[in-house]
Amino acid sequence: MKILILPGDGIGPEIMTATVTALGALNDKCGLKLDFEQRAVGLPALEAEGSTLSDDLMGRIKATEGVVLGPCDTYAYPLPDEGGVNPSAATRKELDLFANIRPSRARPGVPALAPDMDLVIARENTEGFYADRNMFSGSGEFMPTEDVALAVRKITRQGSRRIAEAAFQLAERRRKKVTVVTKANVLKVSEGLFLSEVRDVAKAHLDIELTEVLIDAMAALLVRTPGAFDVVVTTNMYGDILSDEAAELSGGLGLGGSVNAGDDHAVAQAAHGSAPDIAEQGIANPVALMNSVALLLDWLGGRHGRDDLTGAAKRLDGAIDRVLEDPANHTPDLGGSAKTSQVGEAVVAEISK
Ligand code: NAD
């Protein structure tokens with residue numbers, strides 16, 4: 001099975017090197033028979049090929065079942081007609097990666113504001129407020145006059161239903177609780193459509209408890225009662241924001257793993273961005289990207305009925321737990337002084353035991 005490695009921008013190459021080293025060790029230890037292909041994406045690709053994401057690279061991405069994508073410094077990209085394509089948005093749209101799964105779990109030994117947090121956010125990933133990718137053609141963000149800017153938000157019955165189904169399937173494997181987060185008290189039509197689909201899917205899962213919470217209250221409840229949540233299902237932008245909040249509460253943004261999954265493809269990508277403020281210093285935390293790879297392996301194992309991949313995902317997750325138990329392996333974002341490479345080596349050592 002081919003895995004496409006795309007390091008990305010900022011801290012991307014540093015955390016990708018550590019992550020691929022760990023994945024290579026896992027490949028050997030578990031006999032996974034994974035083949036790796038590495039290509040440039042983002043600013044290095046813009047310089048070399050004139051586009052942050054060329055048509056050729058998109059073709060490779062579509063032809064590969066498992067992709068590991070580094071963070072992209074999209075703020076620094078030129079406009080699309082000057083080669084600045086957002087690789088995160090484009091892959092989610094082109095591969096129809098409708099489910100963005102973002103777990104946040106406080107790990108033993110890691111200082112956390114919410115030590116009892118263990119939740120997964122199931123974020124709708126193809127529509128909602130993200131007007132740059134929610135239209136079939138063109139952008140949903142536009143200026144009718146030079147003084148007016150509009151952005152169109154899209155919610156569909158089908159899009160809402162499939163993320164609701166993904167969330168309930170996740171809850172079946174966990175603590176059997178789903179919290180749906182909306183602003184249905186104000187956006188009664190669009191949020192109401194999302195909510196009605198979640199309620200309808202819940203009828204087929206009577207063993208799962210469904211709780212409804214408004215987004216503003218949820219921002220507070222994540223701080224007040226973080227241990228109360230199991231699976232959280234929500235629309236695109238709320239999921240993006242809440243998952244950063246949850247990652248930070250569970251220990252830090254450098255831990256926040258994430259996989260973008262569709263029916264046939266999945267892309268592992270950390271929840272955080274390219275962290276330009278700490279790039280090229282060798283101090284970025286690679287754990288979020290490693291966690292993302294564990295999620296990808298778990299997804300590939302389920303998709304292809306391969307228990308070895310599912311087992312490798314668990315092995316990687318366990319190795320990360322044991323490495324983080326030792327404060328000597330904490331990077332500066334966790335209050336330590338470890339280097340990115342040191343964390344990578346420690347994870348490899350745990351995997352190889
Ligand atoms: P960011 O997530 O890159 O950084 C926010 C803060 O968290 C910074 O202080 C950073 O140093 C820290 N941080 C993030 N990841 C870390 C890690 N692995 N280890 C240690 N510290 C870490 O957010 P930003 O600064 O708002 O955005 C920077 C760029 O990333 C922008 O161009 C933005 O558009 C882009 N971005 C990309 C993605 C993505 O590719 N999925 C997601 C979010 C932001």
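We count ligands from 1, going down the list as the structure has it; atoms in each ligand are counted the same way. Numbering starts at 1 and runs along the sequence shown.
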The single option from Lys177, Arg175, Arg105 passing salt bridge (Lys or Arg N to Asp or Glu O under 4.0 Å) against Asp118:
Arg175
Taking the six-membered ring of Tyr130, is the NZ or CZ of Arg123 close enough (under 6.0 Å from the centre) and on axis enough (within 45°)?
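The answer is yes, since Arg123 meets both limits relative to Tyr130.
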Could you please spell out the steps behind the side-chain contact (heavy atoms from CB on, under 4.5 Å) verdict for Asp200 and Arg161?
CA-CA 8 Å; Asp200 201 49; Arg161 189 161 196 97; 3.0 Å; yes
Listing, residues 3-27 side-chain donor-acceptor contacts under 3.5 Å, not counting sequence neighbours, or none:
from  : atom 1 : to     : atom 2 : distance (Å)
Asp9  : OD1    : Leu43  : N      : 2.7
Asp9  : OD2    : Asp73  : N      : 2.9
Asp9  : OD2    : Tyr77  : OH     : 2.6
Glu14 : OE1    : Gly282 : N      : 3.0
Glu14 : OE2    : Glu280 : N      : 2.6
Thr17 : OG1    : Pro13  : O      : 2.8
Thr19 : OG1    : Ile15  : O      : 2.7
Thr21 : OG1    : Thr17  : O      : 2.6
Asn27 : OD1    : Lys33  : N      : 3.1
Asn27 : OD1    : Leu34  : N      : 2.9
Asn27 : ND2    : Leu34  : O      : 3.0

Which pairs count as ring pair (Phe, Tyr, Trp, His ring centres under 6.0 Å) when at least one residue sits in residues 258-306, sequence neighbours excluded?
none
With sequence neighbours left out, write down each residue that passes side-chain hydrogen bond (donor to acceptor under 3.5 Å, both in side chains) with Thr126, or none if nothing qualifies.
Glu124
At a heavy-atom distance under 4.0 Å, which protein residues reach ligand 1? Sort them by chain and number, would you?
Ile11, Pro71, Cys72, Asp73, Thr74, Tyr75, Ser88, Leu253, Gly254, Gln269, Ala271, His272, Gly273, Ser274, Ala275, Pro276, Asp277, Ile278, Ala284, Asn285, Asp333
